[in-house]
Structure formats: structure tokens, C-alpha cells
S.K.: 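Can you keep this structure in mind? I'll have questions shortly.
Every heavy atom of this structure was used, including side-chain atoms; hydrogens, water molecules and symmetry mates were not.
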Amino acid sequence: MLVYYVEDDSGIAGAVQCYLAQQGFTVQILPTAAGARQAMEQQPPDLALLDWNLPDGQGDALCRWVRTKWPDLPLLFLTVREDARDVVAGLEAGADDYVTKPFALEVLHSRMRALLRR
């Protein structure tokens, strides 16, 4: 399973990548929205993890763009933005789930598996 993780914090991204690799996922880290768009155009993933705050844009805009091209692609926000308005905005932008940092890797993995079962 190919997972794109759009995250500019290399520490968090590396920890998630390492854990998910142990669970059998191939995780490609993409630190910018532009890089994510380019990678998705070349090869859409099986699932995408999106951070909200990116150096070149906002994750909700990226989420809406993904939804227009791949309506069935499982999308999960993984972000520090935990205000109820942010959660609602992320889900309204097209995300299937929303996890706030800090998080347990086991919970993230379980939520990913739930999305992939659909």
C-alpha cells in the first residue's frame, strides 16, 4: 500500500514513516503541497495523510484539489489544529478522518486500516 504523507516536519514524518513501514506500508514523505500535487499526478497513492500547515499553502486547499481529481481516495488530516472549527473545516474540505497531534501511532494505523476497508 502506497501512502503519501504531506508533512514538513521531518521528525514527525520520519517516525510515522518508520512505524507504518513496519506495518507493511510504503510511505513517501512530501514536505510541500506542490510536491504532493506533482506526485499525485504521476501516481495516486492508496491513501494520503495531510498536514494542515504547509510551507506553500494550507492542507484544506490541497484536500479540496485531491477530492476533485480522486473522489474516492482515502484522506486523513494529521495536524496540530484541534479547534472544533478546524476539524469541521477539514472534514468539509473532503477529508475522511481527522487526527490531532500528538497521537498514538497505533491509533493512526487503525484509522488508516478502517478507511482502507471501505
Side-chain angles (χ1 to χ4, degrees):
M1 286 275 157
L2 177 61
V3 175
Y4 287 166
Y5 184 16
V6 187
E7 170 65 68
D8 62 324
D9 183 318
S10 61
I12 293 171
V16 169
Q17 183 182 42
C18 183
Y19 177 80
L20 292 178
Q22 294 171 358
Q23 309 308 314
F25 290 92
T26 300
V27 179
Q28 182 174 349
I29 299 167
L30 303 160
T32 65
R37 285 186 180 97
Q38 184 179 17
M40 288 184 186
E41 291 281 3
Q42 292 175 1
Q43 180 182 1
D46 297 299
L47 182 142
L49 304 172
L50 307 176
D51 189 16
W52 193 288
N53 301 313
L54 299 167
D56 62 343
Q58 298 288 318
D60 61 330
L62 177 60
C63 185
R64 282 191 292 276
W65 177 83
V66 170
R67 260 309 152 240
T68 64
K69 296 190 170 274
W70 300 278
D72 298 325
L73 177 68
L75 295 172
L76 187 149
F77 264 105
L78 192 54
T79 179
V80 297
R81 294 177 66 154
E82 61 185 21
D83 186 82
R85 287 174 290 194
D86 292 328
V87 175
V88 170
L91 295 170
E92 291 290 323
D96 297 298
D97 201 354
Y98 196 104
V99 176
T100 58
K101 300 172 187 171
F103 56 91
L105 289 167
E106 298 84 357
V107 172
L108 173 63
H109 179 232
S110 182
R111 287 175 178 250
M112 290 171 59
R113 287 186 19 238
L115 288 177
L116 291 167
R117 279 195 300 266
R118 298 189 341 190

S.K.: Between L47 and L73, does a side chain to side chain contact (heavy atoms under 4.5 Å, CB included) hold up when you go through it step by step?
M.R.: CA-CA 6 Å; L47 182 142; L73 177 68; 5.6 Å; no
S.K.: Check whether more than 12 heavy atoms from other residues, nucleotides or ligands sit under 6.0 Å from atom CD of E82, and answer yes or no.
M.R.: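 Open: at most 12 neighbouring heavy atoms sit under 6.0 Å from CD of E82.
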S.K.: Atom CG of L50 and atom OH of Y98: how far apart are they, to the nearest 0.5 Å?
M.R.: 11.0 Å
S.K.: Once you round to the nearest 0.5 Å, how far does CG of L76 lie from OG1 of T79?
M.R.: 11.0 Å
S.K.: Would you sort out whether E7 and L54 count as a side chain to side chain contact (heavy atoms under 4.5 Å, CB included), showing the intermediate values?
M.R.: CA-CA 7 Å; E7 170 65 68; L54 299 167; 5.9 Å; no
S.K.: Going hydrophobic residue to hydrophobic residue with side-chain gaps under 4.5 angstrom, can you get from Y5 over to L2?
M.R.: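 No, separate clusters.
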S.K.: Under a 3.5 Å distance rule, please check whether D51 uses its side chain to pair with a backbone N or O of F77 as donor and acceptor.
M.R.: no
S.K.: First locate atom CG of L105, then atom CD of Q23, and finally report the distance between them rounded to the nearest 0.5 Å.
M.R.: 9.0 Å
S.K.: Would L78 and L116 show up in the same hydrophobic cluster when neighbours are defined by side-chain heavy atoms closer than 4.5 Å?
M.R.: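 Yes; L116 is reachable from L78 via cluster members.
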S.K.: Is there a path of hydrophobic side-chain contacts, each under 4.5 Å between heavy atoms, that joins V87 and V99?
M.R.: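 No, V87 and V99 fall in different hydrophobic clusters.
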S.K.: Which atom names give the shortest non-hydrogen contact between M40 and W70, and what distance separates them?
M.R.: O-CZ2, 3.4 Å
S.K.: For the CD1 atom of I12 and the CG atom of L49, what is their distance to the nearest 0.5 Å?
M.R.: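 That separation rounds to 12.0 Å.
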S.K.: Say you draw a straight line from CH2 of W52 to CG of L62; how long is it, rounded to the nearest 0.5 Å?
M.R.: 11.5 Å
S.K.: With the side chain counted from C-beta on, respond yes when Q28 and V3 share a heavy-atom pair under 4.5 Å apart, and no when they do not.
M.R.: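 Result no, sub-4.5 Å side-chain heavy-atom pair not found.
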S.K.: If we only count heavy atoms from C-beta on, is the L75 to V66 side-chain gap below 4.5 Å?
M.R.: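 SC-SC contact between L75 and V66 confirmed.
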S.K.: Give the minimum heavy-atom separation between C63 and A95, together with the two atoms involved.
M.R.: SG-N, 3.4 Å
S.K.: Check whether any side-chain heavy atom of F25 lies under 4.5 Å from a side-chain heavy atom of Q17, and answer yes or no.
M.R.: no
S.K.: Atom OG1 in T100, atom CZ in R81: separation rounded to 0.5 Å?
M.R.: 13.0 Å
S.K.: Does the side chain to side chain contact (heavy atoms under 4.5 Å, CB included) test come out yes or no for D8 and T32, once each step is laid out?
M.R.: CA-CA 7 Å; D8 62 324; T32 65; over 6 Å; no
S.K.: Are Y4 and I29 connected in the hydrophobic side-chain network, where two residues link if heavy atoms are under 4.5 Å apart?
M.R.: no
S.K.: Taking the basic N atoms (NZ, or NE/NH1/NH2) and the acidic carboxylate oxygens, is any pair closer than 4.0 Å for D72 and R67?
M.R.: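 A salt bridge is absent here (no side-chain N lies under 4.0 Å from a carboxylate O).
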S.K.: Could you state whether L108 and V80 fall into the same hydrophobic cluster, counting links through intermediate Ile, Leu, Val, Met, Phe, Trp or Tyr residues with side-chain heavy atoms under 4.5 angstrom apart?
M.R.: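 Different clusters: L108 never reaches V80 through Ile, Leu, Val, Met, Phe, Trp or Tyr contacts under 4.5 Å.
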S.K.: Would E106 and Y19 satisfy side chain to side chain contact (heavy atoms under 4.5 Å, CB included), going step by step from the backbone distance to the final call?
M.R.: CA-CA 9 Å; E106 298 84 357; Y19 177 80; 3.6 Å; yes
S.K.: Between R64 and D60, is there a side-chain heavy-atom distance shorter than 4.5 Å?
M.R.: yes
